[in-house]
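Input: a single structure, listed below in structure tokens.
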Amino acid sequence: MAYFFHTDEDRRQMLAAIGADSVEAIIDAQVPAEVRMNRPLELGPAASEIELEREVRRLAAANLSPASHVCFLGGGAYDHFVPAAVDAIASRGEFYTSYTPYQAEVSQGNLQVMFEYETLVAQLTGLDVSNASLYDGGSAAVEAVLMALAITSDRSRVVTAGTVHPEYRQALATYLEEIDAEVVTAEVGPDGTAADLISRIDEQTSCVLIQHPNFFGRLEQVEQIAEAAHAAGALLIQVFDPVSLGVLRRPGELGADIAVAEGQGIGNPLAFGGPYLGIMACRQELVRRLPGRIAGQTTDRRGKRCWVLTLQTREQHIRREKATSNICSNQTLLALRSTIHLALLGPEGLRETAEQCLQKAAYARRQFAASERFEVLHESATFKEFVVRDTSGDVAGALRHATEAGFLAGVPLERWYPELADCFLVAVTERRTRSEIDSLVSTLSSAPRSLASASGVAAGA
Amino acid sequence: MRNQQHTKLLFELSRPGRRAHRLPPLDVPAEPLESLLPSEALADAPPPLPELAEGDVVRHFTNLSTLNMSVDTHFYPLGSCTMKYNPKRNERLASLSGLVDVHPLQEDASIQGLLQMLFELQQMLAEISGLPGVSLQPAAGAHGELAALMVAAAYFRRQGEDRPVVLTADSAHGTNPASARMAGMQTNTVKSNRQGLVDLEDLKRQLDRRTGVFMLTNPNTLGLFDSQILEITRAVHDQGGLIYLDGANMNAILGIARPGDFGADLMHFNPHKTFSGPHGGGGPGAGPICVRDFLTEFLPAPVVVKEDDAYRLDYDRPLSIGRVRSFFGNVGVLLRAYFYIRSHGGEGLRRVSEDAILGANYLRSRVQHILDVPFGEFCMHEFVASASRLKKERGLTAMDLAKRLLDYGFHAPTVYFPMIVPESVMVEPTETESKETLDAFAEALFRITDEAQDLVHEAPHSTRISRPDEVQAARKPIMRWTPES
């Protein structure tokens, strides 16, 4: 076994100092015999490093990934480029094997990173303050709603757009099931934006949750929605895409009171969905209800500028059941990666990345629109992803064919939107090339059409 | 030796026009932005991020890293946090292509190798806990608590029972009552008795038909295994309530006792503690939950199932509470747990706990001449001492000890938790520390108690900063850099 220290002699000396005959005796003195396990755990034998590596490499090689296939998958997680410097710095043990900065004096590295991260998020969103991160985009959206419900404590209605990431809305429904609040969902209009959202905002509405660009890559009318929400005394929560802010106006300028995002796309690996990074920023006056850890600036006893965890009286370890949230950890390592990536990008790098996503996605749209078999579902502007309809109806067949030809081509939408059973979502990041896009469209176009779909029945349902 | 320039803030190092990032030339026809996006949506300029060269960035963060203590560099006996060695092989394996770069919305058929490992991890956690239903979805321990309480709530709703009360021990982690509140439940506190265990009389007094869940940490936060465990679980079950086990201290009982066997109905694991996931400066963690068979259908969806020889994600679970986050879970952390468990096997895991218990009891025996250890003759994987006597006799607080230990090159234990011990010092050495390290730590503590009071009060002396003003930080919060600040 690889990680143990104690030799037989160590054990003998340690037991002698303790005054016990054996570890078994120490356990027996505390754990009642009736609850002792009377057989070994059935977990198989211990694997050596060589054996484990051989087997895990085999299992890893059995998976497709953006390294083996050209990736056009999006839907809240994206194949953006991660510079080598991000991996190099984040793999320093001083960062990844440390913990929450309870002892500020020996955690100034992490605390300064948290403070820099919070500043970058504020700069990015155009809002005043940020926490030091939450679990992921979905739980950040939920926490934002809970925060709004606490601020507007006499209101219990949450109006969400049907164009918000469906898994975020599912998580929201789960959380709100147990508390006294209701969700009203504005459906998706034919143009791919939230229809009749504004008409659903009323005097009982605590907050409005929208995503811009939305799940389909479309832009929402954020300013109009913000105006309507504020007129009714509700808060506006915007889910945003950090990369989009290289070209799009910032949530704070559009009227969002709280902005949340999935931070995976800036510096973090896809990793089959996690760990990811929940970004959350808000207006200054809401800060005392902000969940999660926060690093703040102060001075030490010699007057030197430094950083500490602050506003801890919001938190569970002090306030217990009265805390703003039960959250204890944050995603410092992922926040560090995003901080490094944003520092490497700078304003121009972010702008150029966003513009390349926009231009390449627009090019891909035109290619799909010009194809015989496919159409682009919504007419108007999208950022880096868009919805494609397979007029043959055989989405599953087309995507399977593309996989065989070396593409992770798109995300079928039927699971969340049954009415879009013949549609899939295509995302185009700065990593994609013109020839990859061209060959994606031609490959999908050449997919055999199934018999069922030829007669107009959606296959793969 | 410290590079002072590069501990400035990123924003202070910024120079207009510097940049580290270059993209290949755009290879599709460029359209005017105004033709692609409505002008009211377009920003006039990108966000005012700092402008730096790659060398700036690398030197800046590398220098910042040297201001942290970490498991790789220091003994880190932070009680309740299980700061054990983080095996390097786990890092390499978790970074393999085919694992680290898999998109969360790929088809099941394209990720059979990954699903196999996740499926096997579900089975391993079921075996270790003695609870057959497993969800890997929650993102952290506190998230697992919340998800499991939602499972309990859904179960009671299905049974038509109104059980809104959650009981927590006064020695419990703060997340327990906070999670209960978020799950829409009321919380009441159960006292500890003179032995530091659950006060059975107080528990029984509070139990009734409105009790939903008793949240229990066992071994508890004092590092003691509650010898009354069967009486406790029986009393709760007799009233129709459920037992939730906070798995923060699982490092003490792997292969020794299983929560499912001592009466727990639901629990979470902290794979970043028990199964060596690196703590990442505060996260990420993960918080998989295990439940008894009759609660399985309420678990978050999806779970991994095996049919014939294929693995798939099962979303079709009509009684599921739903999702608690987006996508599958903190897979990177879960995979490290899988590698760790595979590296140990059943017997190895038991030795993990035995060595953790040995190390904690040894250090306890070395320390108890210096600090009182108010509860227990022995301990499990950690112990809680009190600096009360030292405070009275020498004016030294738990905080003073913690700060001065930093000068000796040790991370401080957890202090002032659990709250039921005054001036508490909570020490968890873990199994991955040598006798020599434990001896050196005890020696340092001993020497500190003999040092001049002022020296200790003003510690640490060897760190870049000392005793930051937290009151000022909270009174006038500065949460971001601005050009004026």
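So you know, we letter chains A, B, ... as the sequences are listed, proteins then strands, and number each from 1.
- Only the side chain of Leu408(A) comes within contact range of chain B, with heavy atoms under 4.5 Å apart.
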Inset, instruction - Report the C-alpha separation of His165(A) and Phe327(B) in whole Å, then their side-chain angles, then the decisive distance to 0.1 Å, and conclude whether the ring-ring contact (aromatic ring centres under 6.0 Å, His included) test is met. - result: CA-CA 11 Å; His165(A) 196 301; Phe327(B) 305 126; 5.7 Å; yes
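- In this structure, the side chains of Thr310(A) and Glu470(B) stay at 4.5 Å or more apart for every pair of heavy atoms.
- A salt bridge is absent between Glu53(A) and Arg89(B): the closest approach of a Lys/Arg side-chain nitrogen to an acidic carboxylate oxygen does not fall below 4.0 angstrom.
- Between Tyr99(A) and His279(B), the ring planes lie perpendicular to each other; the angle is over 60°, past the 30° to 60° tilted range.
- Side-chain contact between Arg464(B) and Glu105(A): absent, with no pair of heavy atoms (C-beta onward) separated by less than 4.5 Å.
- Only the side chain of Tyr168(A) has a heavy atom closer than 4.5 Å to any heavy atom of chain B.
- Looking at Val247(A), both its backbone and its side chain come within 4.5 Å of chain B, counting heavy atoms on both sides.
- With respect to chain B, the highest number of heavy-atom pairs below 4.5 Å among Ala381(A), Gly138(A), Ala271(A) belongs to Ala271(A).
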Legend entry - Working for side chain to side chain donor-acceptor pair (under 3.5 Å), residues Ser326(B) and Asp136(A): CA-CA 7 Å; Ser326(B) 48; Asp136(A) 71 321; 2.4 Å; yes
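- Remark: side-chain polar atoms of Asn63(A) are paired, donor with acceptor, to backbone N or O of Gly98(B) under 3.5 angstrom.
- Ion pair Asp355(B)/Arg11(A) flagged as a salt bridge, since at least one NZ, NE, NH1 or NH2 atom sits closer than 4.0 Å to an Asp/Glu carboxylate oxygen.
- For Met150(B), the parts sitting under 4.5 Å from any heavy atom of chain A are the backbone and the side chain alike.
- The candidate from Glu377(B), Arg366(B), Glu40(B) with the greatest count of non-hydrogen atom pairs under 4.5 Å with chain A is Glu40(B).
- With a 4.5 angstrom heavy-atom cutoff, Phe11(B) touches chain A only via side-chain atoms.
- Put simply, the side chain of Asp72(B) does not reach to within 4.5 Å of the side chain of Glu94(A), judged on heavy atoms.
- In this structure, Arg415(A) forms a cation-pi arrangement with Tyr315(B), its terminal cationic atom sitting closer than 6.0 Å to the ring centre and no more than 45° off the ring axis.
- Ring-plane geometry between His344(B) and Tyr3(A) is classed as tilted, the angle between the planes lying from 30 to 60 degrees on a 0 to 90 degree scale.
- For the set Ile253(B), Leu52(B), Leu42(B), the entry with the most heavy-atom pairs within less than 4.5 Å of chain A is Leu42(B).
- Between chain B and the residues Val31(A), Val308(A), Asp10(A), the most heavy-atom pairs under 4.5 angstrom are made by Val31(A).
- Put simply, of Tyr175(A), Tyr363(A), Trp307(A), the one with the most heavy-atom pairs under 4.5 Å next to chain B is Tyr175(A).
- The contact between Pro477(B) and chain A is made entirely by side chain atoms (from C-beta outward), counting heavy-atom distances below 4.5 Å.
- Using a 4.5 Å cut-off between heavy atoms, Pro300(B) does not touch chain A at all.
- Residues Arg323(B) and Thr174(A) bring no donor and acceptor atom of their side chains to less than 3.5 Å of each other.
- Neither the backbone nor the side chain of Arg18(B) comes within contact range of chain A; no heavy atoms are under 4.5 Å apart.
- Residue Leu64(A) comes nearest to Val102(B) through the heavy atom pair O-CG2, 3.9 Å, listed as atom of the first residue, atom of the second, then distance.
- In terms of modelled atom types and a separation under 3.5 Å, the side chain of Arg301(A) and the main chain of Glu458(B) share a donor-acceptor contact.
- For the side chain to side chain contact (heavy atoms under 4.5 Å, CB included) test with Gln108(A), the passing option among Ile465(B), Asn68(B), Thr463(B) is Ile465(B); the others fail.
- Heavy atoms closer than 4.5 Å to chain B are found in both the backbone and the side chain of Leu245(A).
- The pair Arg181(B)-Glu178(A) does not count as a salt bridge, with every side-chain nitrogen at least 4.0 angstrom from each carboxylate oxygen.
- Chain A forms more heavy-atom pairs under 4.5 Å with one residue of Lys84(B), Gln112(B), His60(B) than with any other, namely His60(B).
- With a threshold of 4.5 angstrom between heavy atoms, Ser365(B) approaches chain A through side-chain atoms but not through N, CA, C or O.
- Residue contact with chain A, scored on non-hydrogen atoms closer than 4.5 Å, involves the side chain of Leu96(B) exclusively.
- Looking at Glu91(B), the atoms closer than 4.5 Å to chain A (heavy atoms on both sides) all sit in the side chain, from C-beta outward.
- When heavy atoms are compared at a cutoff of 4.5 Å, Ser325(A) approaches chain B by way of both its backbone and its side chain.
- Using a 4.5 Å cut-off on side-chain heavy atoms (C-beta onward), Glu116(A) and Arg480(B) make no contact.
- A pairwise comparison of heavy atoms in Ile89(A) and Phe61(B) identifies CG2-CB, 3.5 Å as the closest pair.
- Ser65(B) and Arg92(A) share a side-chain donor-acceptor pair at under 3.5 Å.
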Inset, instruction - Apply the test side chain to side chain donor-acceptor pair (under 3.5 Å) to residues Gln112(A) and Thr7(B): give CA-CA distance (whole Å), side-chain angles for both, the deciding distance (0.1 Å), then the verdict. - result: CA-CA 9 Å; Gln112(A) 186 170 332; Thr7(B) 51; 5.7 Å; no
Inset, instruction - Test side chain to side chain donor-acceptor pair (under 3.5 Å) on Arg325(B) and Ser139(A) and set out the steps. - result: CA-CA 5 Å; Arg325(B) 53 162 294 161; Ser139(A) 63; over 6 Å; no
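- A heavy-atom distance below 4.5 Å is found between the side chains of Val287(A) and Met479(B).
- Both the backbone and the side chain of Ile321(B) come within less than 4.5 Å of a heavy atom of chain A.
- In this structure, the portion of Ile229(B) lying under 4.5 Å from any heavy atom of chain A is its side chain and not its backbone.
- Residues Leu15(A) and Tyr362(B) fail the side-chain proximity criterion, which asks for heavy atoms closer than 4.5 Å.
- Contact of Met380(B) with chain A is made through backbone and side chain together, with heavy-atom distances under 4.5 Å.
- In this structure, chain A has heavy atoms under 4.5 Å from both the backbone and the side chain of Ser179(B).
- Here Leu114(B) is the residue among Leu349(B), Leu114(B), Leu254(B) with the most heavy-atom pairs under 4.5 Å with chain A.
- With contacts defined as side-chain heavy-atom distances shorter than 4.5 Å, the pair His6(A)/Leu358(B) qualifies.
- Comparing Arg350(B), Met117(B), His143(B) by how many heavy-atom pairs each has under 4.5 Å with chain A, the most go to His143(B).
- When Leu248(A), Leu59(A), Thr97(A) are compared by the number of non-hydrogen pairs under 4.5 Å with chain B, Thr97(A) comes out ahead.
- In this structure, chain A has a heavy atom under 4.5 Å from the side chain of Leu230(B), while its backbone stays farther away.
- Counting heavy atoms from C-beta on, the side chains of Gln30(A) and Phe378(B) come closer than 4.5 Å.
- Ranked by heavy-atom pairs shorter than 4.5 Å toward chain A, the options Gly255(B), Ala139(B), Gly322(B), Gly359(B) are led by Gly255(B).
- Comparing Ala61(A), Ser133(A), Gly19(A), Ser329(A) by how many heavy-atom pairs each has under 4.5 Å with chain B, the most go to Ser329(A).
- Proximity to chain A (any heavy atom under 4.5 Å) is restricted, for Ile357(B), to the side chain, taken from C-beta onward.
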